[in-house]
There are 2 protein chains.
Amino acid sequence: MENRTVDTRERILDAGERLFMAHGYEGTSMRQITSEACVNLAAVNYHFGSKESLMQEVFRRRLDWLNEERMRVLDVLEAEANGEPVKPSAIVDAFFGTLLRMAGDENRGGMTFLRLLGRTLTEPSEFIRAFLAHEYKTVMDRYKEALFKALPEVPKAEIVWRFHFMLGATSYAIAGTDALRLVTDWQIEDDDSTDRLDRLVPRLMSFLLGGLRAQLPQFSDAAVDSK
Amino acid sequence: MENRTVDTRERILDAGERLFMAHGYEGTSMRQITSEACVNLAAVNYHFGSKESLMQEVFRRRLDWLNEERMRVLDVLEAEANGEPVKPSAIVDAFFGTLLRMAGDENRGGMTFLRLLGRTLTEPSEFIRAFLAHEYKTVMDRYKEALFKALPEVPKAEIVWRFHFMLGATSYAIAGTDALRLVTDWQIEDDDSTDRLDRLVPRLMSFLLGGLRAQLPQFSDAAVDSK
DNA sequence: TTATGATTAAAACGAACGTATGAATCATAA
DNA sequence: TTATGATTCATACGTTCGTTTTAATCATAA
């Protein structure tokens with residue numbers, strides 16, 4: 001009894017992950033999912049209750065580990081720092097590097113899940129964004145505080161915005177790994193497809209850190225003082 | 001005869017733009033669109049042929065101007081430079097600043113279109129990405145070349161990636177202007193909603209430039225030389 | 001072996017989807 | 001004023017959607 005159930009659930013989750021990534025939530029039908037998973041149409045509703053619940057479970061299966069790992073790594077970093085601020089580069093790597101390294105781990109969803117996540121962060125569906133907000137809140141607050149400590153000379157509002165920009169650059173980078181070719185016809189000469197990911201991580205990391213530590217913006221109008 | 005037609009077409013385009021932004025392409029029905037536009041259900045197929053064609057027209061209406069403007073501004077910059085490379089900050093502003101300043105221009109779609117565009121760049125639907133690829137290709141190539149000239153010491157592949165990251169940060173920043181609150185519950189103290197956009201542009205610009213000019217990544221393995 | 005609860009299977013439900021049709025209505029030129 | 005082509009309208013078509021139902025099949029404990 002155990003074996004068949006688990007297999008069916010996992011096959012549905014795998015198929016859902018892949019198809020939601022490829023066609024989006026609204027663009028994927030239950031019949032596509034159950035067909036790809038080689039299970040009966042009613043199996044999704046039996047095991048998960050509804051399409052929405054399936055979507056949530058697809059994310060929970062991966063995000064639970066990811067966010068626990070992010071917490072764990074930051075714990076270690078802060079313990080090592082002995083009350084001193086953690087280096088910004090270490091914080092960025094703990095948050096985004098941990099995410100990106102999932103791409104190489106097929107047991108944790110690999111590139112498929114990363115692309116699904118990247119796309120979903122700009123997904124219009126209300127229930128998905130609300131769900132992700134709840135899943136992410138605690139981790140976000142921890143990292144936000146760590147960055148405040150690490151960059152005391154940068155206004156907090158600025159850090160919050162830059163965290164936001166970093167999320168965007170990362171989401172897009174992982175969501176569009178092959179959309180890149182489509183949109184721009186760009187040729188990346190010194191990479192072949194096998195090690196592209198190994199290069200992407202340091203490349204993105206450099207970019208994120210450069211943005212995070214960039215010169216503070218000059219607001220052209222006098223609104224800063226006049227209010 | 002002219003008046004009624006134009007009004008109907010425009011009302012449909014406006015409603016489509018808003019609803020596609022709010023619920024995505026697949027998540028928006030013809031009945032929602034025609035209902036919001038106060039036109040008959042058959043009007044979309046009469047004026048545009050199909051839902052897909054409507055979506056394309058929603059984009060063309062705004063992108064034609066945007067990309068022409070980007071070309072025009074870069075023409076001016078290169079003419080002023082007299083053969084010398086244009087400053088990276090000017091190139092970035094010409095490409096992303098021109099886009100972001102659309103947000104304040106309701107006649108060109110304003111924030112609604114910007115958020116639609118931001119979300120669509122990671123949209124799964126094949127025909128949309130293919131369409132945007134075609135619309136964007138020429139402009140992209142021009143700006144890519146300008147950046148190559150402006151940053152001769154940075155490897156071309158690196159510039160291409162960083163352009164990609166900049167696109168992502170920008171898309172996300174404009175797509176998620178209120179999703180930000182939802183996902184993170186962040187409080188941006190010194191901004192109220194009226195001038196948030198005036199601040200966002202220089203903030204994002206600083207971030208993008210910081211990332212574009214960041215220290216080059218160090219690849220940990222020896223793959224750079226060994227191949 | 002038989003009883004029981006968990007799982008799978010086939011079929012159907014009503015609702016909503018994008019699209020097409022043909023008649024009614026409109027603006028305009030002859 | 002009437003004829004004509006453009007536009008709007010109500011309605012229906014055939015599909016596909018997510019979900020539900022009821023019966024069959026399975027694995028396991030008594």
Side-chain angles (χ1 to χ4, degrees), chain A residues 1-59 61 116 120 123-128 130-131, chain B residues 1-59 61 116 120 123-128 130-131:
Chain A
M1 137 215 172
E2 261 301 272
N3 259 348
R4 286 170 61 211
T5 302
V6 169
D7 283 355
T8 299
R9 277 183 60 100
E10 293 269 307
R11 275 208 309 277
I12 292 174
L13 287 170
D14 289 343
E17 187 170 72
R18 207 193 66 75
L19 289 167
F20 287 145
M21 177 275 286
H23 308 118
Y25 176 75
E26 311 268 10
T28 302
S29 73
M30 302 287 254
R31 286 167 176 82
Q32 285 175 270
I33 294 171
T34 52
S35 168
E36 171 143 332
C38 298
V39 300
N40 188 270
L41 169 62
V44 171
N45 286 284
Y46 175 77
H47 285 283
F48 299 96
S50 68
K51 188 184 176 186
E52 284 200 6
S53 299
L54 169 62
M55 181 66 156
Q56 293 185 11
E57 204 50 38
V58 165
F59 276 98
R61 178 170 68 147
L116 172 62
T120 306
E123 184 98 359
S125 297
E126 194 61 43
F127 87 92
I128 300 177
F131 168 74
Chain B
M1 140 215 171
E2 262 301 271
N3 260 349
R4 284 171 61 212
T5 302
V6 169
D7 283 354
T8 300
R9 277 184 59 100
E10 293 269 305
R11 275 208 309 277
I12 292 173
L13 288 170
D14 289 343
E17 187 171 73
R18 206 193 66 75
L19 289 168
F20 287 145
M21 177 275 287
H23 309 118
Y25 176 75
E26 311 267 9
T28 301
S29 73
M30 301 288 248
R31 286 166 177 82
Q32 285 176 269
I33 294 171
T34 53
S35 168
E36 172 143 333
C38 298
V39 300
N40 188 269
L41 169 61
V44 172
N45 285 283
Y46 176 77
H47 286 283
F48 299 96
S50 68
K51 187 184 177 185
E52 284 201 5
S53 299
L54 169 62
M55 181 67 156
Q56 293 185 11
E57 204 51 39
V58 165
F59 276 97
R61 177 170 68 147
L116 172 62
T120 306
E123 183 98 359
S125 296
E126 195 61 43
F127 88 92
I128 301 178
F131 168 74

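As the structure is a computational prediction, the values presented were derived from the model and not from experiment. Lettering of chains follows the sequences in order, A, B, ..., and the numbering in each one begins at 1.
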Return the minimal non-hydrogen interatomic distance between B:F131 and B:Q56, and the atom names on each side.
CZ-O, 3.5 Å

Go ahead and name the base partner of C:dA23; Watson-Crick or wobble counts if both distances stay under 3.5 Å, otherwise write none.
D:dT8

Taking a pair as Watson-Crick or G-U wobble with both distances under 3.5 Å, which nucleotide is matched to D:dA30?
C:dT1

To the nearest Å, how far apart are [X] [atom1] and [N] [atom2]?
| X | N | atom1 | atom2 | result |
| --- | --- | --- | --- | --- |
| B:H23 | C:dC17 | NE2 | P | 12 Å |
| A:L19 | D:dG18 | CG | P | 12 Å |
| B:N45 | D:dC9 | CG | P | 15 Å |
| A:E26 | D:dT16 | CD | C1' | 14 Å |
| A:M30 | C:dC17 | CE | C1' | 17 Å |
| B:D7 | C:dC26 | CG | P | 16 Å |
| B:K51 | D:dT15 | NZ | C1' | 15 Å |
| A:M55 | D:dG18 | CE | P | 13 Å |

Check the phosphate of [N] against [X], side-chain N and O only, distance under 4.0 Å to OP1 or OP2. Yes or no?
| X | N | result |
| --- | --- | --- |
| A:S29 | D:dC17 | yes |
| A:T8 | C:dT8 | yes |
| B:H47 | D:dA6 | no |

Ring center gap for A:F20 and A:F59 short of 6.0 angstrom
no

Answer with base, sugar-phosphate or nothing: what part of the nucleic acid does A:T34 contact at a heavy-atom distance below 4.0 Å?
nothing

Looking only at the side chain of [X] (C-beta and beyond, no hydrogens), which of the listed nucleotides [options] gets closest?
| X | options | value |
| --- | --- | --- |
| B:L41 | C:dT19, C:dT8, C:dT21 | C:dT19 |
| A:Y46 | C:dT19, C:dT7, D:dA10 | C:dT7 |
| A:N40 | D:dA6, D:dT20, C:dA10 | C:dA10 |

Would you call B:R9 and B:D14 a salt bridge, using N to O less than 4.0 angstrom?
no

Whether B:R11 and B:E36 form a salt bridge (side-chain N of Lys/Arg under 4.0 Å from carboxylate O of Asp/Glu) is what I want to check.
no

Rounded to the nearest 0.5 Å, how far apart are OG of B:S35 and CE of B:M30?
13.5 Å

Assign each of A:A43 and A:R31 the nucleotide of DNA chain C bearing its closest heavy atom; nearer the 5' end lies the nucleotide of A:A43

